[in-house]
Structure formats: C-alpha cells, structure tokens
> 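I have a structure here, written as structure tokens, and I will follow up with some questions on it.
Protein chains get the first letters and strands the later ones, always in sequence-line order, with residue 1 at the start of each.
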Amino acid sequence: MKFLGYERADGSAGIRNHVLVIPGGLLAAKICDFVEGTNTILTADSGSGRTSRDRETIARTLIGLGRNPNVASVIVHSAGVATGYPELNPTRIADEIAQSGKRVEFIEVAKEGGTFRALEKGIQVAREVVQETSRTRRQPCDLSQMAIGVKCGASDTTSGIAGNPVVGYLFDRIVEAGGTAFFGENTEIIGAEHVLAKRGVSAEVSRRILEVAAETEEKAKATGEDIRTVNPVPANIAGGISTLEEKSLGAIHKSGSAPVQGILEYGERPSGKGLYFVDNWMSTGSIFAGYAASGAQLVIFQLGGGGWTDKDLLSTSTAVVAPLMWATANPKTLAVAGSCIDFYSGGVIEDGDSIEETGEKLLQTVLEIASGTLVKVETIKHTDPTQIYLKDSPF
Amino acid sequence: MTLKGALILAEADNVATAIEDIEPGAVVPVRLGKEVRTVKALERVPFGFKIAVADIPRGADVIKYGESIGKASSDIKKGNMVHIHNLEGVRGRGDLAKGGSR
C-alpha cells in the first residue's frame with residue numbers, strides 16, 4: 001500500500017507541502033495574505049493569563065503543527081502576545097521544530113525595526129522558502145508513514161451502524177500496516193469506557209481509559225446539569241440518539257479493533273506507532289488542529305448529520321495543516337451536503353454492503369487524497385479559527 | 001438489494017434501529033446478521049430511530065450494541081418507538097448528582 005508523499009528529514013511523509021508561519025496574529029496573517037503556499041493558525045488562544053499547563057498545551061500545539069509532516073518549512077516570528085512566558089518563547093518553539101530537520105526561519109521584530117519592517121522581511125523570506133519548498137517532489141511512501149485522526153460528529157444512528165465501523169476498518173488497516181491512528185473525545189467514551197478499556201495494550205493504559213472517563217464524568221456532574229442538555233447535542237437527539245451511553249457505544253466503533261497503545265494529551269506526539277486515544281474535546285473547532293499537532297497528515301470528520309437539514313456547506317480546514325475529509329453513511333446528509341462529502345458509506349445500510357468492502361474503498365480514497373487529490377473543502381478559500389483545548393481556568 | 005426495516009446490532013439487544021421510515025401497523029423485518037425476525041410497529045418510527053423488539057418494563061436496561069444505553073423511564077411495549085420520551089441515560093447526570101442544582 002503506497003501513496004505519493006513528500007519525504008521529510010525525520011522519516012515522515014507529507015501529503016501536502018505547506019510553509020507554516022507561527023504564531024498566529026497580524027504579522028503571520030499578512031505574510032500569508034501576500035505569499036502563496038503559506039499557512040498560519042487563526043486562534044485567540046495566545047497563552048496570556050493562562051496556567052503553565054495551558055501555556056504548555058499552546059506551545060505543544062504550535063510546535064506539533066510545525067513538525068507535522070505536511071509542513072515543509074516553518075517561519076517563526078517574535079510578535080506573539082504571550083512570548084514572555086518561558087513555554088511560549090519563540091526561540092524555544094523554533095528550536096524544537098528545527099529538531100525535526102526542517103528549515104526554520106526566525107523573524108525577530110525588534111531587530112528588524114518594528115512590525116512593518118518585520119513584515120517586509122517576512123514576506124521576502126517566505127517567498128524564498130516557498131519557492132525552495134516547491135522543488136520537493138512526491139515519492140512513493142509506505143502506509144506505515146501515515147498518521148490519521150478521526151472525529152465523529154453530528155452523530156446519528158447511521159454513525160454507529162455504518163459510518164464509524166467503516167472508519168474503524170480503515171484504522172485497523174493503517175495500524176496493521178505499521179501506521180498511526182488517533183481517536184478521542186473524552187465525553188464520548190462515558191458509557192462505553194468498560195468496552196474500550198478491554199483494548200488497552202497494558203493494565204496501565206486500561207486504567208487510564210477508565211480514569212479519563214471518570215474525570216470527565218465528575219466534571220459533568222459538578223455542573224449540576226443533565227448531561228443530555230449538553231451532550232448528546234441537539235443534532236444527535238434529532239438524529240435518533242437518545243442518551244450519552246448510546247452515543248459513546250456508537251462512537252468507539254470509529255477506533256476499529258486494534259489495541260490502544262496509550263493516552264495522549266491534546267497536541268501531544270505519540271512515542272510510537274499504532275492506535276492512540278487522545279484526551280481531547282469533541283468540538284470541530286478544536287479537535288482537528290490537535291490531531292495535526294499530534295502528527296496526523298489527514299483528519300476525517302465522520303458525519304451523521306441526520307439532525308441537520310440546513311448545512312450544505314461544511315466546516316473547512318480547521319486542522320490548519322492537515323486536510324479535513326468528510327465522510328457520512330446517511331443518505332439524507334449526502335443529499336443535503338454532497339458538495340462537501342468525500343466518502344459515502346451508506347451502502348452498508350441501504351444495500352447491505354459489507355463493512356470490509358466499504359472500508360477498502362475508504363482506504364483507496366484516503367490513498368488518493370494522500371497522493372494529492374484535494375478534499376472537497378480544500379477548494380474553499382476559508383479557514384475556520386482554532387480553539388486550542390485548554391483544561392484550566394483563565395486568570 | 002435495498003435493505004428495509006430495522007437492524008439489531010447484537011444478540012442481547014432489545015431495540016433495533018429503523019433504516020426506513022416505519023409506519024404504524026407495519027410488520028417490520030428486523031435483521032441481526034443474516035437472521036430476520038419481524039415486529040409489528042405500534043407507532044411511527046422515523047429512519048434512524050429505535051423500535052423495541054421486546055417488552056421493556058420501566059426501570060429495565062435498554063440494550064443496544066449488547067450494552068446498556070440507559071433505563072426505560074416508562075413501560076415500553078414491543079413495537080414502540082424508543083427515544084428520550086421513554087429512555088433515560090444514567091451517566092454524567094449532574095441533575096441527579098448529590099449537590100446538583102436541579
């Protein structure tokens with residue numbers, strides 16, 4: 001199983017060839033406005049007034065996005081809001097990205113003589129880096145070099161029956177081939193954690209799965225609210241899902257059947273290959289960028305959508321450097337939002353197609369996208385902002 | 001082949017998921033793998049919603065995927081639709097927790 005990717009110095013393989021400018025903000029945004037082939041993160045999570053744990057999460061996200069295989073080179077500038085905190089020191093961020101062997105350029109605003117001079121310098125540096133990046137050629141790469149993340153959303157009962165199991169089949173194939181796969185959503189293992197915990201590679205991993213579910217449930221209970229007024233979300237209930245337990249038991253099917261190698265924090269890079277559970281938040285605006293920071297080259301949004309009747313244009317590019325691929329098993333969703341859906345697995349329900357044959361088709365679609373075919377939302381010039389998943393209160 | 005009716009996902013399940021809009025009085029084919037049973041619908045069950053394939057007394061577990069997805073909040077008859085009006089989750093219920101505000 002091969003795809004055509006960009007070989008990187010650290011042995012990884014990009015499926016896209018971005019130049020990333022970080023941290024986000026005016027300087028990065030204006031460089032990206034001016035220079036083709038550049039990309040930045042749009043987020044209000046600067047780190048100012050955040051605990052050290054949350055600041056480290058932000059730094060880990062920026063470093064992880066910079067190290068993502070889809071990024072050829074990185075430009076780091078010093079004009080971030082919270083660069084005085086040691087975790088967010090731009091030199092630290094540049095150095096840790098450079099350990100991957102990528103070219104990292106550094107723009108020091110004060111040294112250049114202010115924002116406008118730094119912008120001029122940044123534009124010229126970015127143009128040069130982008131042109132150099134364009135000399136890279138796609139080469140045959142092995143499926144073992146693939147890392148993929150999944151979220152299931154607007155879940156309905158087609159998700160648990162067909163959509164999620166088909167993604168689960170893909171996950172099994174990637175993991176069997178020696179690749180890496182991420183799933184997560186800490187609220188959506190509540191009620192299914194006893195099933196998932198059986199798949200821990202060790203007693204410690206199984207214990208941690210139960211612990212993440214218990215911690216999340218305690219937080220939910222502390223609100224004093226009925227969890228069903230929060231999650232399942234209204235779209236789930238309108239799509240036929242009645243309880244959080246039902247949602248969770250359907251949701252874990254997207255992880256396939258491989259052993260869970262470990263539990264990662266948001267944006268954390270795994271120490272090895274295989275299947276990982278990420279202790280993250282389900283929000284579309286948050287989860288995909290976190291997977292990309294963990295190293296995913298491609299993210300899948302497995303959509304139910306039975307409760308949606310008015311969304312024909314779906315969320316775009318929230319993984320910052322990783323394409324966002326949409327899949328669904330719901331024929332009604334396909335009819336409404338077909339212009340954004342890259343893969344349809346509804347044949348499992350409508351025609352009795354097997355999970356395996358449908359999963360093989362999904363694998364072929366993934367290999368094509370990995371080789372350069374655009375996902376449908378990549379054709380839209382819009383990037384939604386990213387909300388980095390921070391666990392502590394701001395002060 | 002176009003599948004109709006409802007799907008059961010595990011042997012222990014007492015609900016099935018409708019894969020078409022089911023009308024009241026319809027005799028619905030319910031599949032578990034290759035095995036097909038029938039259940040008479042007592043009411044309308046839209047695509048994607050659940051139909052009881054056994055009587056489920058109030059307080060008993062509602063089973064899907066072979067696992068509990070919550071408890072029946074009223075007596076459910078075979079053929080009834082099962083959703084938030086007669087099924088309650090028991091997990092993450094801050095409203096029921098000690099010290100909860102409601």
> In Å, rounded to the nearest 0.5 Å, how long is the span from OG1 of A:Thr158 to CG of B:Leu7?
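Going from OG1 on A:Thr158 over to CG on B:Leu7, the span is 11.5 Å.
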> Name the option with the most non-hydrogen atom pairs under 4.5 Å to chain B; the candidates are A:Thr216, A:Thr187, A:Ile241, A:Val195.
A:Ile241
> Nearest 0.5 Å, what's the CD1-CD1 distance between B:Ile8 and A:Ile161?
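So the CD1 of B:Ile8 and the CD1 of A:Ile161 are separated by 11.0 Å.
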> Applying the side chain to side chain contact (heavy atoms under 4.5 Å, CB included) test to A:Thr243, which of B:Val62, B:Val90, B:Ile84, B:Ile69 qualifies?
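Of B:Val62, B:Val90, B:Ile84, B:Ile69, side chain to side chain contact (heavy atoms under 4.5 Å, CB included) with A:Thr243 is met by B:Ile69 alone.
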> Please give me the minimum heavy-atom distance between B:Phe47 and A:Pro331, naming the atom from each residue.
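Shortest heavy-atom separation between B:Phe47 and A:Pro331 comes out as CZ-CD, 4.0 Å.
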> Nearest 0.5 angstrom please: B:Glu67 CD to A:Ser248 OG, how far?
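B:Glu67 atom CD to A:Ser248 atom OG measures 11.5 Å (nearest 0.5 Å).
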> Whether the side chain of B:His83 engages the backbone of A:Ile237 through a donor-acceptor N/O pair (distance < 3.5 Å, no angle test) should be reported.
yes
> Side chain, backbone, both or neither: which part of A:Ala214 has an atom under 4.5 Å from a heavy atom of chain B?
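For A:Ala214, neither part sits under 4.5 Å from chain B.
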> What are the two closest heavy atoms between A:Ala220 and B:Gly92, and how far apart are they?
CB-O, 4.2 Å
> Tell me which of these, A:Gly304, A:Gly240, A:Ala222, A:Gly191, has more heavy-atom pairs under 4.5 Å with chain B than the rest.
A:Gly240
> Just how far is it from atom CD of A:Glu246 to atom CD1 of B:Ile63, taken to the nearest 0.5 Å?
12.0 Å
> Could you tell me whether the side chains of B:Lys50 and A:Thr157 share a donor-acceptor contact shorter than 3.5 Å?
no
> Within a reach of under 6.0 Å around NZ of A:Lys391, are more than 12 heavy atoms found that belong to other residues, nucleotides or ligands?
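Yes, enclosed.
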> What do you reckon, is CZ of A:Arg207 surrounded by more than 12 foreign heavy atoms closer than 6.0 Å?
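More than 12 heavy atoms, drawn from other residues, nucleotides or ligands, come within 6.0 Å of this atom.
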> Under 4.5 Å heavy-atom distance to chain B, tell me which part of A:Lys219 shows up: side chain, backbone, both or neither.
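For A:Lys219, no heavy atom lies under 4.5 Å from chain B.
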> Using a cut-off of under 4.5 Å for heavy-atom pairs, which of A:Gly250, A:Gly347, A:Ala192, A:Ala213 has the most such pairs with chain B?
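Highest number of heavy-atom pairs under 4.5 Å: A:Gly250.
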> Answer yes or no: is there an ion pair linking B:Arg91 with A:Glu193, defined by an N-O contact shorter than 4.0 Å?
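A:Glu193 and B:Arg91: salt-bridged.
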